[in-house]
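As structure tokens, the structure follows; a few thoughts come after it.
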Amino acid sequence: MLLEDLIKIKEAELARRKKHTLRCCLAAGCISSQGQAVKDALDQAVQAAGLAAEVEVRGVGCLRLCGEGPLVAVDPDGVLFQKIRPEDAPALLSTLQGETSPLDRGDLQSPFFKHQLPLVLENSGLVDPDRIESYIAADGYLALRNVLREMAPPEVVSAITKSGLRGRGGAGYPTGLKWATVAKTKSTRRFVICNADEGDPGAFMDRSVLESDPHRVLEGMIVAGYAVGAEQGFIYVRAEYPLAIQRLQNAIRQAKQMGLLGSGVFESPFNFNIDIRIGAGAFVCGEETALMASVEGRRGQPRPRPPFPAESGLFGQPTLINNVETFANVPPIILKGPEWFASIGTDKSKGTKVFALAGKIQTTGLIEVPMGTPLRVIVETMGGGAPAGGQIKAVQTGGPSGGCIPASHLDTPVDYESLTTLGSIMGSGGMIVMDQTTDMVDVARFFMEFCRDESCGKCVPCRAGTVQLHELLAKILARQATQRDLDRLEELCDLVKHTSLCGLGQTAPNPVLSTLRFFRHEYLERLQPAHPNPPSAPPTPATQPPNTAPVNPGAPA
Amino acid sequence: MKRHQFRQDALIEVLHKAQELFGFLDSDLMHYVARSLKLPTSRVYGVATFYHFFNLKPKGAHTCVVCMGTACYVKGADQVVAALEQCTGVRAGETTPDGKVSLATARCIGACGIAPAVVYDGVVTARQSPADALANVKGWLGHAA
Amino acid sequence: MERLRLATVWLGGCSGCHMSFLDLDEWLLELPARAELVYSPLVDTKEYPLQVDLALIEGAICNADHLELIHQIRQRTRTLVAFGDCAVTGNVTAMRNPLRRAEAVLNRAYIELADLNPQLPAQPGVLPPLLDTVLPVHAVVPVEYHLPGCPPPADRIKTLLAQLLEGRTPQLAQHQIRFG
Amino acid sequence: MAAKTLTIDGQLVSAEENQTLLEAARDAQIPIPTLCHLDGVMDVGACRMCLVEIVGTPKLLPACVTKVQEGLEVRTNSERLQRYRRLLLELLFAERNHVCAVCVSNGHCELQDLATQHGMDHVRYAYQAPNLGVDLSHRLYGLDHNRCVLCTRCVRVCWYIEGAGTLNLAGRGTGSMIITDLNQPWADSDTCTACGKCVQACPTGALFYKGATVAEMERDRQKLEYIVTAREKKQWNV
């Protein structure tokens, strides 16, 4: 495979284009509302109407408006049909001839689409995820070719550093720095891992990227492999995402056939292989060291860092771990230049971020916006606010590690630092909207239950602390708790946050802490009055025994 | 296992395959896997029980998985689970004594756009109310009204 | 100096802590000078009196009677001491908690493990209704001080009592707060 | 090997390059509480008892796996650390059924000692009272899950010193359990060599010699060190 071949494939693919293209969304959301049947029906209808020469029916990835599926987009008219049933196929076809139909149309000019800046998702919904040619026609693998032919590995690292890209998995660690650390190690064996263990409940960004544009992720990984000097990559995908796994397997096979993976990528001396490792239902495996343990076929328990994976990771070798969205950002940075990328977003948070918008909101779906977009624009302008006269009460970001941002802070720009200041985190990009009917204590309890069940059990504060935190929250919900229980809750949050071994435990108290911070009254109004002091008794000795004294005043549970 | 060259680090892949073929992982199967990969049996058991995806007991003829992700939860998935638990007489995570239906919950199946979602025998179904779910599951139980 | 109104209470425990209390030996003779024992298994008071200064509570909260009594005690007492491991942790009395429910406990004791004539105690008033969960005292009412030990050795009891009788905040040495 | 100089609790300490903070502190007679640490086997940093503060670092670090560095300023016993340690102990006591009064290890238990040292005179969190069994099938040893703190010391000696791989953790989170082989009765284990190292390694009364009654279960910690040194360094320090 050389540049000429790449261009040939692109031209052949573009020449295949027909007068009309019907893009049928075949991402998980639409498939679960009969998306595949709609596509099959459209195929049949096209055949039946003898329009095969004029109309292409293409299965594509996510068309964003997941709540309105199945979705079909029509090119070149730029019309989006929503909630299409298989029997609507003939009627939909007839609109190509200019006929009107009562089918539900989405407005591609609506604020939901207008405020988006697709970068990671630029191909999503356009290319056919099952055909590598379709990706190549969208300039796919061009970045890889340029890197291999025109750039030395350190130049690639420096381009990523200059772009200001930060990890999209949640913590926002500078990607270039990570790459540089791995590249600088002395080892001869290094690994690249793509973290596709998107475990946050309420997040489906990575799933959409993998299902819509799998080659994009592969390309980013191969570029990374070249930059850090690795020959083997792993993609760790959740077993809950069978479609994504299938499309990745397919994509890897196609890339190998074309000489874009394997030995001598693009006929260069660079070799790179990618294997898929399938998770088995453990949220903690999103944590780097647990993920590596799982790739090695062990129990997915984290280990203390340092040493960091960049020095000693998979099989004890230096390992680069980035998540799906981070890798998907790599090809455009190479193609369009780090300066271009750095011009998007805010001072410290560059580029765009994909969010999965869900919960009590008019428009649910996938959005990609520049960093720094105010939360209000996302949930009110784009998402249309709470449904049916509801009021947005809070927005939950970052899943079980994140927090609830109250409506009063909706003008916060969405970037790593601003969200951290509010006690939440960017996280991987799940955004759950809550309205006035949502009980914030129950939300905190829900997330604590999640953390309790997903704790790996290795370190004491997370294993035993989440159990007690959950019990205290349930007690408060049941209106059986007193002020002392609330104090105890806060004390435990402090312990679990500061003493847990890994990120799961360290962030597990965040939903409690953020709801305590912004919705404390919901906790207080549930408390029972403190135990009445005996009428005849003066208050218990005010002086606490000094620290060295082992006898402490007791407290009721 | 051959495909994975009997590599010890492919244990999870091998267990996935084994469960796909046999439906669940019983002691003999885990013993066989351990022998083939030259791993201690305790290691295989430790891994198989760490991950929620692996079952050590046979599943029912039908499975119903209710997504309890945040988006589904705020849209009432808990009520769906409660209704199903009442109808089947078993709690989530269990199988009815007659082996007909396994009821389970999932952390998040990533279908938040269509919440609350329920997976009936592998088919993801959108926007399920307790009544929808009951209608689906009652057919499996055989004592349908 | 005015004498302290002292109570000792026997809830769900083996009375070992009280036995240990009796091990105070000759110090018991000095005690009346500073405290009046107003309620105790060792004296013949039926009703827990009002305005008690200090109560040592042996045993955990196991049944409805204990629950009622401990609330009454809390109301009428200035300072409570959880006296011994059962009061502090539940200890042996709480070893039935894994069975979860009171019926399961009664079944185990009177049916499953019975040698002769297995039957549940049915006559009213024989057995106060058991709580499903045995609780340490501080899980039910606020407790000022904890005195661990099964039983707490006499010198440990003496150290604590002596300081309380002098109106000081009691301090125990490290080895004196050992469970078991 | 280069020496490093650091400050621990205000005391200047010199340590070898590869030493952990825990080793350096112990060499200098500065005690740091530990539970999952066992001399001679790999550390896992799980119990969090040995967390220390390092000036200039926001995070607390486990002394058992953190290497010494030149110029570090370490605090091992601040009021905050003491508070955390006591809380951790309370969580451990509440997690399973630790009834010291009727325990084979009463008086010789690391958990009990830690509670005493940290002034833990009662547990404010709700006792979970899980219904766990006791495996008495083995001809020599017993395993009482009620007293297990999941420190995995037994698992590590079984894997890394004896090399048998009999014991392991199964399940996850609060449902984690120590198992033998495929979670079968200990007596049925094909791999157990009955070497007894796990029993020697256990900090509490979870693993014990059958026949030991209350407070009789004493351990000889030096035995493990003796074997590790013998196997690794070929030195028999009799």
Side-chain angles (χ1 to χ4, degrees), chain B residues 1 6-12 14-19 21-59 65 68-70 90-95 102-108, chain D residues 36 41-42 44 46 130-133 135 137-138 141 143 145 148 150-199 201-202 206-207:
Chain B
M1 272 185 265
F6 296 98
R7 285 172 58 131
Q8 298 190 331
D9 55 274
L11 173 58
I12 295 173
V14 172
L15 290 177
H16 268 301
K17 194 75 201 169
Q19 177 157 307
L21 292 173
F22 298 98
F24 70 105
L25 306 169
D26 66 11
S27 291
D28 290 343
L29 195 54
M30 285 190 282
H31 201 263
Y32 180 75
V33 169
R35 279 245 300 256
S36 308
L37 299 184
K38 298 192 168 47
L39 285 169
T41 46
S42 69
R43 163 83 175 275
V44 176
Y45 190 85
V47 168
T49 52
F50 184 84
Y51 297 97
H52 283 181
F53 202 79
F54 298 124
N55 301 306
L56 270 54
K57 286 193 193 128
K59 275 194 167 179
V65 183
M68 284 284 270
T70 323
V90 293
R91 298 191 55 79
E94 296 173 351
T95 301
S102 289
L103 186 61
T105 55
R107 277 303 162 206
C108 180
Chain D
C36 68
V41 285
M42 185 189 86
V44 289
N131 199 350
L132 304 170
D135 184 343
S137 65
H138 196 275
Y141 317 123
L143 167 54
H145 295 287
C148 175
L150 298 169
C151 66
T152 69
R153 278 157 57 154
C154 55
V155 175
R156 283 175 279 151
V157 293
C158 184
W159 283 67
Y160 303 118
I161 302 184
E162 178 61 12
T166 303
L167 295 171
N168 199 5
L169 271 182
R172 79 152 91 126
T174 196
S176 303
M177 293 279 276
I178 297 290
I179 49 115
T180 48
D181 289 354
L182 288 170
N183 194 21
Q184 58 221 51
W186 198 349
D188 299 345
S189 165
D190 304 324
T191 55
C192 177
T193 60
C195 71
K197 291 188 192 66
C198 51
V199 181
C202 184
L207 284 162

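Protein chains get the first letters and strands the later ones, always in sequence-line order, with residue 1 at the start of each.
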message = Applying ring-ring contact (aromatic ring centres under 6.0 Å, His included) as the test, list every pair that has at least one member in residues 171-196 of chain D; sequence neighbours left out.
response =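 Non-adjacent pairs meeting ring-ring contact (aromatic ring centres under 6.0 Å, His included): His138(D)-Trp186(D), Tyr141(D)-Trp186(D).
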
message = Are there residues of residues 170-178 of chain D whose heavy atoms fall under 4.5 Å of chain B's heavy atoms? If so, which?
response =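 At a heavy-atom separation under 4.5 Å, chain B is reached by Ala170(D), Gly171(D), Arg172(D).
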
request  = Go through the steps to decide whether Asp190(D) and His31(B) satisfy the test side-chain contact (heavy atoms from CB on, under 4.5 Å), and finish with yes or no.
outcome  = CA-CA 11 Å; Asp190(D) 304 324; His31(B) 201 263; 4.0 Å; yes

What are the two closest non-hydrogen atoms of [X] and [Y], and how far apart are they?
X	Y	value
Arg43(B)	Asn168(D)	CA-ND2, 3.4 Å
Gly165(D)	Pro40(B)	O-CB, 3.4 Å
Tyr45(B)	Ile179(D)	CD2-CD1, 3.5 Å

task = Can you establish whether the number of heavy atoms outside Phe24(B) located under 6.0 Å from its atom CZ is more than 12?
result =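 Yes, CZ of Phe24(B) has more than 12 neighbouring heavy atoms, counting only those of other groups under 6.0 Å.
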
key: Region of Leu169(D) in contact with chain B, defined by heavy-atom distances below 4.5 Å   =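 It is the backbone, since no side chain atom gets that close.
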
task = Considering only heavy atoms and a distance below 4.5 Å, find which of Thr180(D), Thr166(D), Asn183(D), Leu167(D) pairs most often with chain B.
result =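 Answer, by heavy-atom pair count under 4.5 Å with chain B: Asn183(D).
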
